Protein chains: 2
Amino acid sequence: MKLLIVEDQARTGQYLSQGLSEAGFATELAADGETGQHLALSGDHDLLILDVMLPGRNGWQILQAVRQAGLDTPVLFLTARDAVEDRVHGLELGADDYLVKPFAFSELLARVRSLLRRGASPSLDTTLSLADLRLDLIRRRAERAGQRIDLTAKEFALLELLLRRQGEVLPKSLIASQVWDMNFDSDTNVIEVAIRRLRLKIDDPHANKLIHTVRGMGYVLEERQD
Amino acid sequence: MKLLIVEDQARTGQYLSQGLSEAGFATELAADGETGQHLALSGDHDLLILDVMLPGRNGWQILQAVRQAGLDTPVLFLTARDAVEDRVHGLELGADDYLVKPFAFSELLARVRSLLRRGASPSLDTTLSLADLRLDLIRRRAERAGQRIDLTAKEFALLELLLRRQGEVLPKSLIASQVWDMNFDSDTNVIEVAIRRLRLKIDDPHANKLIHTVRGMGYVLEERQD
DNA sequence: AACTACCTGACAGGAAGATTACAACTTTGT
DNA sequence: ACAAAGTTGTAATCTTCCTGTCAGGTAGTT
């Protein structure tokens, strides 16, 4: 299993490479877009990990070139937080998954393994779901019990985070760092308000609620019978 | 084996550094967040010991930077008492373990050894258990005999302490310092009440009790046959 | 029995979150 | 370019329920 990592920040690239090597993958590392694309087109990688922001050619361009060349290598995108458009764009161009920086290495590893497991199949999984709730990552739209729900950027980001980590109690500090670019030292209630707005759309019209408050801690997305 | 300690309080840092040196580890000590992060990112440590409260950059930020750089160095967090959110946040970001100040040096040593033994594997165990009682630190929920039990913040903190130190008799003074931010000089019975409330949820509905009172000493969590 | 340590149920203050309204700012359409 | 509609953060108020206190009660110890 050989992975290509295209990442311009030397340190980041180095550690991705090292970490994945230790996890048992062969890795190749490109520090800029041109060489990255060149290597990617060689076609002998099982997975591409592309940073979006790159000198030379950006991640999208590489992805596009790869797909144009008829390669269906799975692609994992590394994107900045809050850049929803980037992600959607990436998925539209045929990326298979993406990760928002900063991320835990363990999560990267999980995604990498998942992508490799389901092979280079073009069955790109662009929806997340729980119970009768579904989230379409590309159309940026949710659906509950067949009913379509349009979401705003923030609502989308929040729901996506909740869905990806369903069952886990997400501290507000974590939510703040993933969905907003803040360290949660400020005394704001944006998160509560955002949750309220999300609930209004996905929970309020239905009997079994999915978003639950854990007082003093944060929020969970999960199905509860009672 | 080289350890990096990031701790701003000179005395504490000194103490840790010296103690760990004597235990046979090579140690490096940083007194503020910036130098700490800089050193941490060099990647040539086998374990990081991070204080949460730091001038410059706090422990989380360092951890985040480290994980973002793809390093999976084990991280042991030193957090203030009563900061439940801190701990969970740390675990979410990829810390492997944490210790609540003040702590016994022996315990620090035990954790350090355990972390080094299980290597840089991200196998951080997020659940504690005893008999048919389980506590999931991420989902932030207890379970007894399959039955789910919701806990409040204080109950959770208390049960976590008891579980981490199962079999030990914990003096009330210790409990007071770990779960509350108090020196236990005051004449309050918060602890008794808190224990009562915890018992109500985890012991009262079951035959074999796990929380035991040791008159004049404190409380233990353990299984007793008779 | 007396003393002490701990248990128990009730209560109230207050902290955490929910909800609503509003204003600043963007986007969209004409 | 202007108006209308939509999005998002801030702030004020309301609601919920957690948690410390207190006033007895109970059980262990001498």
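As the structure is a computational prediction, the values presented were derived from the model and not from experiment.
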Return the value, rounded to whole Å, for the distance between atom CG of A:Leu200 and atom C1' of C:dA21.
14 Å
Only one of A:Leu210, A:Leu170, A:Ile202 passes side-chain contact (heavy atoms from CB on, under 4.5 Å) with A:Leu162; say which it is.
A:Leu170
Do B:Arg197 and D:dG20 share a donor-acceptor pair, side chain to base, under 3.5 Å?
yes
Just how far, in rounded Å, is P of D:dC18 from CG of B:Asp150?
10 Å
Between B:Thr152 and D:dT19, is there a contact of a side-chain N or O with OP1 or OP2 at under 4.0 Å?
yes
Considering just the side-chain nitrogens and oxygens of B:Trp180, establish if one lies under 4.0 Å of OP1 or OP2 belonging to D:dG20.
yes
With a 3.5 Å distance limit and no angle check, can you tell me whether B:Lys209 reaches the backbone of B:Asp203 through a side-chain donor-acceptor pair?
yes
Using OP1 and OP2 only, check whether a side-chain N or O of B:Thr213 sits under 4.0 Å from C:dC7.
yes
Which nucleotide in C:dA18, C:dT19, D:dT21 has an atom nearest any side-chain atom of A:Arg199
C:dA18
Does any non-hydrogen side-chain atom of B:Asp51 lie less than 4.5 Å from one of B:Val6?
no
Taken to the nearest whole Å, CG/A:Leu198 to C1'/C:dA18 is 14 Å
Could you check how far CD1 of B:Ile195 sits from C1' of D:dG20, rounded to whole Å?
15 Å
A:Glu192 has an atom CD; how far is it from atom P of C:dA21, in whole Å?
18 Å
Can you tell me which nucleotide in C:dG17, D:dA11, D:dG20 comes closest to the side chain of A:Asn189?
D:dA11
Just how far, in rounded Å, is P of C:dG17 from OH of A:Tyr219?
6 Å
What integer distance in Å separates B:Arg196:CZ from C:dA5:C1'?
17 Å
C:dA5, OP1 or OP2 - any side-chain N/O from B:Lys172 closer than 4.0 Å?
no
B:Arg215 CZ to C:dC7 P, straight-line distance once rounded to whole Å
9 Å
Compute whether any side-chain donor of one residue and acceptor of the other, for A:Arg199 and A:Thr213, lie under 3.5 angstrom apart.
yes
Has the side chain of A:Lys201 got a donor or acceptor atom that lies under 3.5 Å from a matching backbone atom of A:Asp150?
yes
